Protein chains: 2
Amino acid sequence: MGLSVSTVSKALNDSHEISHGTKVKVLALSKKLKYRPNTLAKNLKQNRTNTIGVIIPDLLNYYFVKALNGIQESAEKQGYSIITCITNESLENEVRYSEMLTNGSVDGLIVALSIETQKNKHFNHFKQLIKNEFPLVLFDRVSDEINCSQIISNDENGGAQAAEHLYQAGCRCPLVVVVNSDLEVIKRREEGFTSAWHQLSGGHVVMRLEVGDLDESEDEIDNFLKNHAQIDGAFAVDERLGIKTLKCAIDVGRTVPSNFKIIATSDGELSKEYSPSLSVIDLRENKIGSSAAEEVVRQIKSKFLKPKTTIIAPKLLVRSSS
Amino acid sequence: MGLSVSTVSKALNDSHEISHGTKVKVLALSKKLKYRPNTLAKNLKQNRTNTIGVIIPDLLNYYFVKALNGIQESAEKQGYSIITCITNESLENEVRYSEMLTNGSVDGLIVALSIETQKNKHFNHFKQLIKNEFPLVLFDRVSDEINCSQIISNDENGGAQAAEHLYQAGCRCPLVVVVNSDLEVIKRREEGFTSAWHQLSGGHVVMRLEVGDLDESEDEIDNFLKNHAQIDGAFAVDERLGIKTLKCAIDVGRTVPSNFKIIATSDGELSKEYSPSLSVIDLRENKIGSSAAEEVVRQIKSKFLKPKTTIIAPKLLVRSSS
DNA sequence: CTGTTAGCGCATTCAC
DNA sequence: GTGAATGCGCTAACAG
């Protein structure tokens, strides 16, 4: 129809410098020809992609899936897509993915560190990004050594809420059941519980059981409960571990909740559907995810924001196990 | 160091027409300068992205997460990243995302249709892709009307396996518990169960209960079981529904598994961790996902492949509920 | 209001 | 073995 590419481009983008008539014609023709602007070229030219990269350790972990869901919802609301990579808790994958994504594919990055990364304290790949002022937000699995915005839940407070709840429910000799104690979040939950308990009980030390493999933990828990008849409650640092503990408690003859009260960290289908249903500290992962997405978009839109840490307060959900 | 861009480009890509010495020098310098090739420009030039788009209805559905995990693992193995979009069961989102992704962002698309799409039978967005020979693979939520490769589980066979198992375990009057019967997969599971049962029992018709909202279903199931004392087993078309049914059966005084045997479709944490653990038909979602990823890569690598349907056989997992 | 042109960052002919 | 030039598809500065 004899119009230059730039006119067409402007018309398609509804530029003010194009006459209404032309716009209508161009739009009509583009419909008919099913014109599809190439996103890649557009992104390359504009130096932005409207995409957020998300790097998480594990998709089969309900915690991360809920956070991912929150990220996705919030990102979509703000006009961003997400591209997701799974590290399988491997540092090498984490490095590879973060380099891959930040080479132009995404405008910002949301990350939960892998176990290996947290163990080895190997953060160069992220420090480099920060030096280049690339928008980066960490959530849940974070580190003080990385100077960027972080979204975390108040795990200590969650542990403390659990302690307070158990105490008020009449529990006097609780067991803390732990797995993956390498993780900062786990340490904080445990620390929150034990120090709150110490205070509540006037100096009582709480018992502690750390299991190795979650899947193989039932015997360990069974035995521990059998050998320590005085235990009348439990705080598990993880939902599945909480279910295991609940199951074991019933197996070895404890009566839940009257003589044995139990609560775990993190809410999920298991806790809700189990019978008896399990009381939990809800970490509000969806909120954590959406906050992370909001923060990374803020950083994308205006550079040179100084890092801030957002703390999401956990919520006590009392069910039938306490 | 006085080399042209093209020489550098070739050296970085390990081209045979560059001398070893030059390659070494270029590589060394690129390390030092922390050179990062821009993925966007590369993709634009090469007209491929090494990325697969995945469109699924819901992230909080464990089924899709397991499939997504399979897709991700297989894609990674084959050198592809994935970009994930969630439709929330909305046709409009599905259309929007599939257009967005196929405008150059991805080399191929893996999709599970939304409920709305399947209800309205609105498939133009995908038919268009096929016309353009864009690599497209559907899984689980598929449609015969879309002429592309599909990966499905043998849901009829799963239902039949469930029927056979219940029958052999001594169940004689089973209840089929259904939700979301709009979905093809649900229909097939139910059909597989009922026709197999018909055959096994010499013409017996099975009872059926369809619940509306899964979360509000417990009262319905309770009442139904109370009013039909002859029911001595159940097949639930969904895992959570299976757990609900199991819970209700115990609530209303049935003894599981001796006097009431129950099995559900799809395996997950709930079934495994519940007490008593729930027998299930494992749909092998991970395998479905990895097959989808393999198929879409096959199509990306050699165009003009004719569509093929891959059927993944489900596996009976007998646990303590039957 | 419309058209011309340059360039985003890279890979790839084709000369040399 | 190396380099100059072209273009992937698009937007935007500038000219008309």
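Quantities reported herein were computed from a predicted structural model and do not represent experimental measurements. For the numbers below, each heavy atom of this structure counts, side chains included, while hydrogens, waters and symmetry mates do not.
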Between B:Glu89 and B:Thr117, a side-chain donor and acceptor under 3.5 Å:
no

Would you say B:Asp107 and B:Thr49 are linked by a side-chain donor-acceptor pair, where the criterion is simply a distance under 3.5 Å?
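Note: B:Thr49 and B:Asp107 side chains meet the donor-acceptor criterion.
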
Report yes if a side-chain nitrogen or oxygen of [X] is closer than 4.0 Å to either non-bridging phosphate oxygen (OP1 or OP2) of [N]; otherwise report no.
| X | N | value |
| --- | --- | --- |
| B:Thr7 | D:dG3 | yes |
| A:Asn43 | C:dC8 | no |
| A:Thr22 | C:dC1 | no |
| B:Ser9 | C:dT12 | no |
| B:Ser4 | D:dG3 | yes |
| A:Ser6 | C:dT5 | no |

On DNA chain C, does the nearest nucleotide to A:His20 precede the nearest nucleotide to B:Lys45 from the 5' side, or the other way round? Give the residue.
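In this pair, the answer is A:His20.
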
How long is the line joining [atom1] of [X] and [atom2] of [N], in whole Å?
| X | N | atom1 | atom2 | answer |
| --- | --- | --- | --- | --- |
| B:Gln46 | C:dC8 | CD | P | 19 Å |
| B:Leu44 | D:dG9 | CG | P | 7 Å |
| B:Asn47 | D:dC8 | CG | C1' | 8 Å |
| B:Glu17 | C:dA15 | CD | P | 14 Å |
| A:Leu12 | C:dT2 | CG | P | 14 Å |
| B:Asn13 | C:dT13 | CG | C1' | 15 Å |
| A:Asp14 | C:dT2 | CG | P | 14 Å |
| A:Asn38 | C:dC8 | CG | P | 18 Å |

Test side-chain contact (heavy atoms from CB on, under 4.5 Å) on A:Leu109 and A:Val296; report intermediate values, then the result.
CA-CA 7 Å; A:Leu109 208 51; A:Val296 84; 5.9 Å; no

Decide, yes or no, whether a salt bridge links B:Glu184 with B:Lys187 under the criterion of side-chain N to carboxylate O below 4.0 Å.
yes

If you measure from CD1 on B:Ile311 to CD on B:Gln150, what distance do you get to the nearest 0.5 Å?
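These two atoms lie 10.0 Å from each other.
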
So what does B:Arg48 touch, heavy atoms closer than 4.0 Å: a base, only the sugar-phosphate, or nothing?
nothing

Is B:Lys10 side chain donor-acceptor paired with the D:dG3 base, going by distance under 3.5 Å alone?
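Such a pair is found, so the answer is yes.
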
